[in-house]
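What follows is one structure encoded as structure tokens, with my remarks underneath.
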Amino acid sequence: MGGVVASAPGKLILFGEHFVVKGYRAIATSISLRARVRVEDTSGSWVELHSPTLGVKSRIPLDLSRSAGGELDVYVEILRALRKEGFSIVPHRVVVESEMPVAAGLGSSAATSVAYTLAYTTLLGSPLYGENLLRVSFEGERVAHGRPSGIDTTIAALGGTILYRRGEKPAPVSARIPEGYVFLVADTGLKRSTRDVVDYVLRVAEMMGEAGEQVYAVADKVVEKAVKALESGDMELLGNLMYFNHGLLVAVGASNLALDTIVDIARMRGALGAKLTGAGWGGCAVILARRGDVEVLRGELERHARMVKVINVNVPGATVENILSK
Ligand code: PMV
């Protein structure tokens with residue numbers, strides 16, 4: 001075998017971000033923007049890593065004794081996790097590309113980790129899938145990135161839509177998006193630190209005492225209703241729940257002017273729903289619209305966002321796209 005190309009999807013948090021930090025439920029879904037990783041056999045004595053998306057390049061020795069530096073370290077951690085599971089480390093070249101904006105809450109990093117793990121194990125002839133793929137990729141993400149929640153890696157490996165609570169195994173949601181409805185993501189282009197927003201929101205919730213607790217309990221009810229709306233394909237209810245959830249995120253301080261502008265424009269132009277997704281203070285918003293309204297909506301949103309894309313949600317997880325012969 002000469003090489004393997006594997007891909008994995010990014011994710012959106014549809015409901016419950018931030019509230020999930022205090023043990024309430026959230027819903028996440030896979031999206032049709034994917035990370036793609038090409039792994040090729042080489043004859044040298046290195047693992048060569050290249051990310052044109054991030055504009056970085058590095059190489060590490062086969063005994064994995066050195067770090068690759070910065071963002072590329074996650075691949076070294078994945079190889080260490082694979083070595084622990086009995087996989088051999090052979091010389092190869094890795095080229096990583098992502099259709100998602102980075103650091104915008106769409107799970108680009110987890111998708112590349114998962115796609116790399118699948119591509120490399122396929123190159124060795126023992127591809128990891130499902131829970132095994134998830135376990136090894138998550139180990140790499142965990143060591144490289146501190147304490148990720150696991151949502152991004154789960155979605156990238158398994159695809160679909162999940163109901164998620166911290167410390168519990170995610171439950172699949174059988175989402176049904178009827179023909180004629182689409183989602184859009186609009187990227188504000190503003191970078192932010194998830195940790196800073198999470199700390200701020202927790203402080204606001206604390207300050208509000210019982211009123212704060214009640215907002216969290218309402219957010220959990222919204223998640224419950226959203227599961228039903230997704231399973232029955234009730235897009236009007238789903239959209240209203242999105243606007244409602246955005247309001248709760250505004251209440252706890254996770255939004256900002258750029259995100260509120262996108263959500264307000266969506267509402268004014270007849271979108272069924274819109275909300276910030278992920279940490280807030282920047283990153284992306286997600287919008288639900290009728291297909292017939294998309295062009296007008298997109299034109300209007302493009303005046304206020306750095307990027308607007310029509311996407312499919314609830315798509316399949318990691319997959320081998322191509323096997324390259326020598
Ligand atoms: O923007 P992201 O994808 O990093 O999502 C953050 C989601 C939070 O609920 C705000 C934090 C978390 O760890 O769940």
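As the structure lists them, so they are numbered: ligands from 1, and atoms in each ligand from 1.
When hydrogens are left out, the protein atom nearest atom 4 (O) of ligand 1 is T194 OG1, 3.2 Å; that is the closest non-hydrogen contact. Shortest contact from atom 7 (C) of ligand 1 to any protein heavy atom: I13 CD1, 3.8 Å. The nearest heavy-atom contact from the protein to atom 8 (C) of ligand 1 is H18 N, 3.9 Å. The single protein non-hydrogen atom nearest to atom 3 (O) of ligand 1 is K11 NZ, 2.8 Å, given as residue, atom name and distance. Distance from atom 14 (O) of ligand 1 to its nearest protein heavy atom, with residue and atom name: V20 CG1, 3.3 Å. Closest to atom 13 (O) of ligand 1, if we only count protein heavy atoms, is R166 NH2, 3.0 Å.
For S113 (side chain) and E141 (main-chain N/O), no donor-acceptor pair under 3.5 Å exists by modelled atom type.
A salt bridge does not link E206 to R203: none of the charged nitrogens lies less than 4.0 Å from a carboxylate oxygen. Checked for salt-bridge contact, E131 and K169 meet the test: a charged N lies under 4.0 Å from a carboxylate O. A salt bridge is absent between K309 and E99; no separation between the charged side-chain nitrogens and carboxylate oxygens falls under 4.0 Å. Remark: E40 engages R93 in a salt bridge, criterion side-chain N to carboxylate O under 4.0 Å.
A pairwise comparison of heavy atoms in P170 and T154 identifies CG-CG2, 3.8 Å as the closest pair.
Taking CG of L14 as the start and CZ of F183 as the end, the distance is 5.5 Å to the nearest 0.5 Å.
Applying the 4.0 Å criterion to heavy atoms of G105 picks out, from ligand 1, the atoms 1 (O), 3 (O).
Between atom 5 (O) of ligand 1 and the options A110, S193, C284, G278, the minimum heavy-atom separation is to G278.
For ligand 1, the polar-atom distance check finds no N/O of E17 at less than 3.5 Å from any of the ligand's N/O atoms.
The closest approach between a heavy atom of K22 and any atom of ligand 1 is not below 4.0 Å.
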